[in-house]
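Since the structure is predicted, the reported quantities are computational estimates derived from the model, not experimental observations.
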Amino acid sequence: MINWPLETYWREKHSIFSEQDNFAINCLSSIFNPSSNSLLFIKEVTGPLIEDLSSIHGSIIITKPEYRSVVKHLSASNGFVFDDDPRYKFAEILEPLCNTVSLRGTFTWNEKYQAYLGKNVSISTDVYIEPNVTIGDNAVIGEHVRIFSGARIGPNVKIGANSVIRENAVIGGWGFGIAQKKGFRSIRIPHIGGVSIGAHVEIGALSTICSGTIDPTVVEDFVNIDDHVHIAHNCVIGKNTVVTACAEISGSVNIGYSCWIAPNVSVINGISIGNNAMIGIGAVILKAVADNVVVVGNPGKVIRMNGVENP
């Protein structure tokens, strides 16, 4: 859990650029969904983002000193902390407030489901749960979901109707978000965003889908994920996509609809793969992939167009 401090804490501990004195911070937010009374960091301030930030208040925003004049007008309603490395500063500020072990929650044996459940777990009708399953705090399990033996469902995970979670899959475990800065020690960033899994999804045995940092990692409807697949934090896997065995999808990757990701593919963090793309076996994807192409090799190269499908 995050132990949010008193309103006066922020001025006492940090140099804040603002017309406000106190801040009632009670959550984290991201640039994709900024919210009031939150702590967030911004690496690059753009025009559209300025417009989004104009609608929030009481937040503490960490960004680079070069943007001081750009955000000055927002300091009437929000506070700013300036640092050359906003992500590292975010981790540094959050570390003393966050008990990362407690983010796992506590589990209690549930006789009805023969599973260990966290707090505020919602399980719909006709859900089948095999032995040795744990389901974390605030998880939501939809109708007719099947969860096989040994699966681990983390906190803040939502699983849509008619989905299957196979043996020993880990959904919503900690993402591997490590803030690094030259000359300073590494700091683990807590991941509280959870995972949102759509309807009619299958997650293979021994696969892992990591929790989003702040917003959820997303697996849309009708996605099929094979065994031994790793999907890192903050990814989005589009509707009707297939990800086959031993593929590795790094953090913040956006995969479009109706894609085919072949065995042993590796995708570098932060890029997009277009709709109806086919990625060949063992390909290493180091840059964005367009719609309707077939990519093979290391590094991945387009070899031909793929047939067009609707989502």
Discussion item. I'd like to check P86 versus K64 (side-chain heavy atoms, cut-off strictly below 4.5 Å). Are they in contact?
Written reply: yes
Worksheet item: Tell me, do N138 and P155 make a side-chain contact under 4.5 Å, heavy atoms counted?
Response: no
Worksheet entry | Short side-chain donor-acceptor distance under 3.5 Å, D126 and H144 | yes
Worksheet entry | Where Y9 and P96 come nearest, the two heavy atoms and their spacing | OH-CG, 4.4 Å
Fill in: Y113 with V145, same ILVMFWY side-chain cluster at under 4.5 Å
yes
Discussion item. For the aromatic rings, using the six-membered ring if either is Trp, is the centroid distance between Y116 and F107 under 6.0 Å?
Written reply: no
Worksheet item: Is the F82 ring parallel, tilted or perpendicular to the F17 ring (thresholds 30°, 60°)?
Response: tilted
Worksheet item: So which heavy atom on S35 is nearest to which on S59, and how close?
Response: O-OG, 2.8 Å
Practice prompt. For T208 and H230, test the side chains for any donor-to-acceptor distance below 3.5 angstrom and give the result as yes or no.
Written response: yes
Worksheet item: Between V218, I249, V157, V195, which is the residue that forms a side-chain contact (heavy atoms from CB on, under 4.5 Å) with I209?
Response: V195
Item to complete: Using atom types as modelled and distance alone, determine if a side-chain donor or acceptor of N156 lies under 3.5 Å from a backbone N or O of G193.
Response: no
Worksheet entry | Same apolar cluster: L49 and F32, side chain cutoff 4.5 Å | yes
